[in-house]
Amino acid sequence: MNVVSEKNFDIRKLTSFKIGGKIKEVFFPENVEDFENILNTYPNAKVFGNLSNTLISSDGYDGVVIITTHMDKIEIEGNTVIADAGVKGPKLAQIVCEQSLSGLEFMIGFPGSVGGEVFMNASANSQAISDSLTSVLCYSKEKGIVKYSKDEMDFSYRHSRCKKDNLIVLQAEFKLLSKNQAEIKQQMENNLQFRKAHQPSLALPNCGSIFKNPQGDSAGRLLDSIGAKSMTCGGAKVWENHANFIVNSNNGTSLDVLTLMYNLHTKVKDKYEIELEPEIIFLGGKNEKENELCKILYKVK
Ligand code: EPU
């Protein structure tokens, strides 16, 4: 196996939160075959794409991590598009737009990559990745490579079968609609404007929405109503313009973010008896305080 890897890798610079410590070993596969080989050797490896929805412990992680961003092949044939897990959302949105294909306009404003977006069924501006998806090539420890149809993926709001079944996304296939290119461009521009008006830019390190919206309600509204916008912990603070974003404003640590999340979670629970569920993924394990907070926030046993 001839794959780029690095031991004792400082991951902080790669994360959109600009938080994270040293990882025991990180692999950067360039294609699906390499990816499968690494997974066969390290079946418990943790897989990430653009690290835009992930909080990594400032104390690091004592295991193997695979970063998919070098896996960026896109194939287009007619209205069918096949994208590797590491393809970045904004790039895919631009490339399919050049072919006058519609269905992925929401991706223009999402800094994530295809694998993570399929995993969580990313959505914005009334469009979800599952809307235009036809199948997903996954890896499972037990079965190896399996292709699941859209129906088999069990998609719902911020959910796919990947988490429950421990599936890793290798590649996704989409069937897009032919549309006037100017309309596609206009929709992407509207999405970018929405993002600019409602969400922090990555110049303020952040990780997107922190909590999922509870059914029939909005995490942002609930958090706003408990005074979240004035809440801080160490170098992490709630963004002043939208209560469901935490920004790393002053060299925040993962413990700052988790503590702030816990305080937000507790206040909403006390007032509304609603337990907000984190949308962001956490990777750690070495810090006891963080482990305790994760037991409550992520219901880890
Ligand atoms: N609101 C408040 N106070 C706040 C923030 C929001 O009252 O501080 C209210 C707004 O007025 C609005 C409602 O809450 O009525 C919903 O807010 P918004 O329109 O900003 O959308 P959201 O539900 O917070 C979701 C996704 C975003 C996606 C946008 C646009 C989730 C958790 N978040 O945000 O996704 O971009 O819709 O479609 O579903 C992400 O997942 O990382 C993400 C950014």
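All residue numbers refer to positions in the sequence shown, counting from 1. Order of appearance sets the numbers: ligands from 1, and atoms from 1 within every ligand.
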Taking the six-membered ring for Trp, are Tyr262 and His265 parallel (under 30°), tilted (30 to 60°) or perpendicular (over 60°)?
parallel
pair Thr69-Asn50: side-chain heavy atoms closer than 4.5 Å:
yes
Check: Asn213 N/O within less than 3.5 Å of ligand 1 N/O:
yes
Say whether Met107 and Ile184 are linked into one hydrophobic cluster, either directly or through other cluster members, by side-chain heavy-atom distances under 4.5 angstrom.
no
Verify side-chain hydrogen bond (donor to acceptor under 3.5 Å, both in side chains) between Gln186 and Asn190, making sure each step is shown before the conclusion.
CA-CA 6 Å; Gln186 186 57 57; Asn190 295 347; 3.0 Å; yes
of all protein heavy atoms, closest to atom 3 (N) of ligand 1 is Asp224 OD2, 2.8 Å
Do me a favour and list the nearest non-hydrogen protein atom to atom 17 (O) of ligand 1 with residue, atom name and distance?
His242 NE2, 3.8 Å
For atom 15 (O) of ligand 1, decide whether some protein heavy-atom distance is shorter than 4.0 Å.
no
Establish whether atom 10 (C) of ligand 1 and some protein heavy atom are separated by less than 4.0 angstrom.
no
Are Glu279 and Arg158 within salt-bridge range, i.e. N to O under 4.0 Å?
yes
Does the plane of the ring in His198 sit parallel, tilted or perpendicular to the ring in Phe194? Use 30° and 60° as the thresholds.
parallel
What protein heavy atom lies closest to atom 36 (O) of ligand 1? Include the residue and the distance to one decimal.
Gln199 NE2, 2.9 Å
Please determine if Lys229 and Asp224 form a salt bridge, counting it only when a charged side-chain N lies under 4.0 Å from a carboxylate O.
yes
Would you mind finding which of Phe245, Phe211, Tyr157 brings a heavy atom closest to atom 31 (C) of ligand 1?
Tyr157
Taking the ring centre of each residue, are Phe27 and Phe35 less than 6.0 Å apart?
no
Would Arg195 count as a polar contact of ligand 1, with the cut-off being nitrogen or oxygen pairs under 3.5 Å?
no
Tell me, please, whether Phe9 has Lys13 positioned over its six-membered ring: NZ or CZ under 6.0 Å from the ring centre and within 45 degrees of its axis?
yes
Is a side-chain donor or acceptor of Lys150 paired with a backbone partner of Ser130 at a separation under 3.5 angstrom?
yes
Does the N or O separation between Lys212 and ligand 1 drop below 3.5 Å for any pair?
no
What protein heavy atom sits nearest atom 12 (C) of ligand 1, and how far off is it?
Ser218 OG, 4.9 Å
Numbered atoms and elements of ligand 1 in range of Gly208, under 4.0 angstrom, heavy atoms
42 (O)
Return yes or no for this condition: an N or O of Asn244 is under 3.5 Å from an N or O of ligand 1.
no
Side-chain touch Met231/Leu260, heavy atoms, less than 4.5 angstrom:
yes
If you have a sec, work out which protein heavy atom is nearest atom 30 (C) of ligand 1 and how many Å separate them, to one decimal?
Phe194 CE2, 3.4 Å
Counting non-hydrogen protein atoms only, what is the nearest one to atom 26 (C) of ligand 1? Give residue, atom name and distance.
Arg158 NH2, 3.4 Å
Is there a polar contact, in the sense of an N or O pair closer than 3.5 Å, between Ala243 and ligand 1?
yes
Kindly identify the option in Gly109, Pro214, Ser209 whose heavy atom sits closest to atom 33 (N) of ligand 1.
Ser209
Can we say Glu275 and Lys299 salt-bridge, meaning some charged N sits less than 4.0 Å from an Asp/Glu carboxylate O?
yes
Tell me, which protein residue and heavy-atom name are nearest atom 1 (N) of ligand 1, and how many Å apart are they?
Arg221 N, 3.8 Å
For Ala124, atoms of ligand 1 separated by under 4.0 Å from a heavy atom:
28 (C), 36 (O), 38 (O)
Would Ser126 count as a polar contact of ligand 1, with the cut-off being nitrogen or oxygen pairs under 3.5 Å?
no
Identify the closest protein heavy atom to atom 38 (O) of ligand 1: which residue and atom is it, and at what distance?
Asn125 N, 2.8 Å
